[in-house]
Visitor: 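Have a look at the structure that comes next, please.
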Amino acid sequence: MSEFDDGSAVVARAQEQGAYDAALGDGWRIGGGVNGGMLLSIAGRALAAELGTSDGDRPPHPHPLAISAYYLTPGVPGPATVRTSVLRRGRAVSNGQASLLQDDGAGGEVERIRVLATYGDLATMDDEATTTATPPELPPPDECLTTEQAPPQFLKAASLLERLDLRLDPATTGWAMGRPSGNGVIRGWLRMVDGREPDPLLLLLAVDALPPVAFELGLPGWAPTLELTAHVRARPAPGWLRVNLTSRTMSGGYLEEDAEVWDSRGRFVALSRQLARAATPRR
């Protein structure tokens with residue numbers, strides 16, 4: 001089993017319909033908590049288990065097409081519970097919701113994220129995609145900066161990066177040398193260190209796997225996600241993913257971060273937008 005599959009694994013509870021046990025791994029930390037993309041992947045896997053089986057004359061819908069998560073409290077390493085409910089089963093798509101919870105230390109539970117999603121079957125639409133979007137121009141992976149070249153304090157706070165083979169475009173890494181461009185763009189190549197090939201569920205991690213685009217805006221510290229919506233448009237081909245992050249607007253200490261993901265065949269396979277908090281710009 002790959003590190004991603006192990007980290008996002010869920011086990012159905014025999015005595016509680018729609019409930020799953022999970023574990024938030026210490027190896028998926030970013031900043032002060034577990035990476036938001038991994039939390040979304042765990043909830044997404046539980047929903048896939050619920051919606052990915054046929055129900056009477058309703059076909060299975062195993063893939064997230066649109067999934068939105070509200071991040072209520074930071075996820076911390078340790079056991080977790082995902083509770084799901086099926087809202088509607090249709091012929092083309094189905095809808096569900098999920099909550100990821102952890103023990104609050106006082107005999108109760110605290111909710112980490114709440115998810116609402118539309119699921120379908122991407123196998124029925126793989127050859128139908130057309131887009132005017134174009135993949136970002138990137139140097140070859142061997143000419144990009146690896147995570148090993150990141151500042152030591154950044155690596156210490158981001159165990160997630162040990163699971164990723166991330167190659168960032170040098171033109172978007174001024175922040176790592178203390179010279180952020182202010183352009184609001186970070187882009188690079190992405191794949192898993194252990195060779196695990198991308199699939200629709202891993203795309204939920206990919207849209208939130210790069211360093212925050214706030215870094216290249218000269219904003220110190222992490223940018224905690226408040227809400228994240230991802231659209232998965234196709235099953236990705238094996239190989240490298242190309243990820244492009246941009247941000248255009250900051251207001252009142254909040255900014256949006258848009259992600260676009262292309263696969264090794266140059267197909268536009270996923271996009272997302274998140275709202276995040278941002279620290280005060282450096283003077």
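Below, each value reflects all heavy atoms present in this structure, side chains not excepted, and no hydrogens, waters or symmetry copies. The model shown is predicted, which means the values in this text are computed figures rather than measured ones.
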Visitor: Do S85 and Q97 pair up side chain to side chain, a donor and an acceptor below 3.5 Å, judged on atom types alone?
Guide: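 Yes, because at least one side-chain N or O of S85 sits under 3.5 Å from a partner of the opposite role on Q97.
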Visitor: State whether R235 and D263 are salt-bridged, where the test is any N-O pair (Lys NZ or Arg NE/NH1/NH2 against Asp/Glu carboxylate O) under 4.0 Å.
Guide: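 Salt bridge absent between R235 and D263.
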Visitor: For R114, check salt bridge (charged side-chain N to carboxylate O under 4.0 Å, His left out) against everything at least two apart and list the hits.
Guide: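 If we apply the salt bridge (charged side-chain N to carboxylate O under 4.0 Å, His left out) test to R114, skipping adjacent residues, the hits are E111.
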Visitor: Is it the case that R273 and T229 place a side-chain donor and acceptor less than 3.5 Å from each other?
Guide: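 The criterion, which ignores hydrogens and geometry beyond distance, is not satisfied for T229 and R273.
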Visitor: Using the rule that Ile, Leu, Val, Met, Phe, Trp and Tyr join whenever any side-chain heavy atoms are under 4.5 Å apart, tell me whether V261 and W189 fall into a single cluster.
Guide: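 Different clusters.
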Visitor: Verify the neighbour count for atom CD of Q17: are there more than 12 heavy atoms of other residues, nucleotides or ligands below 6.0 Å?
Guide: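 Incorrect, the count does not exceed 12.
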Visitor: Assess the side chains of S8 and R45: does a donor N or O sit below 3.5 Å from an acceptor N or O?
Guide: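 Yes, side-chain donor-acceptor contact under 3.5 Å.
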Visitor: Indicate the atoms forming the closest heavy-atom contact of L166 with A209, along with that distance.
Guide: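 Taking every non-hydrogen atom into account, CD2-O, 4.5 Å.
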Visitor: Could you tell me how the ring of F4 sits relative to the ring of W28: parallel (under 30°), tilted (30 to 60°) or perpendicular (over 60°)?
Guide: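 The rings of F4 and W28 stand perpendicular, inter-plane angle above 60°.
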Visitor: Could you tell me which non-hydrogen atom of S94 sits nearest to which non-hydrogen atom of H61, and how far apart they are?
Guide: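 The answer is OG-ND1, 2.7 Å.
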Visitor: Got a salt bridge between E260 and R242, using NZ or NE/NH1/NH2 to carboxylate O under 4.0 Å?
Guide: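 Between R242 and E260 there is no salt bridge, as every charged N stays at least 4.0 Å from the carboxylate O atoms.
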Visitor: Hey, are D5 and S2 close enough side-chain-wise for a donor-acceptor pair under 3.5 Å?
Guide: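 On atom types as modelled, these side chains qualify, holding a pair under 3.5 Å.
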Visitor: Would T81 and R13 count as having a side-chain donor-acceptor pair, cut-off 3.5 Å?
Guide: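 Checked: T81/R13 side chains pair up, N/O donor to acceptor below 3.5 Å.
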Visitor: Cut-off 3.5 Å, side chains only: do Y20 and E50 have a donor facing an acceptor?
Guide: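 A pair is found: one side chain offers a donor N or O, the other an acceptor, under 3.5 Å apart.
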Visitor: Do Q274 and D208 pair up side chain to side chain, a donor and an acceptor below 3.5 Å, judged on atom types alone?
Guide: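 Judged by distance alone, the side chains do pair up.
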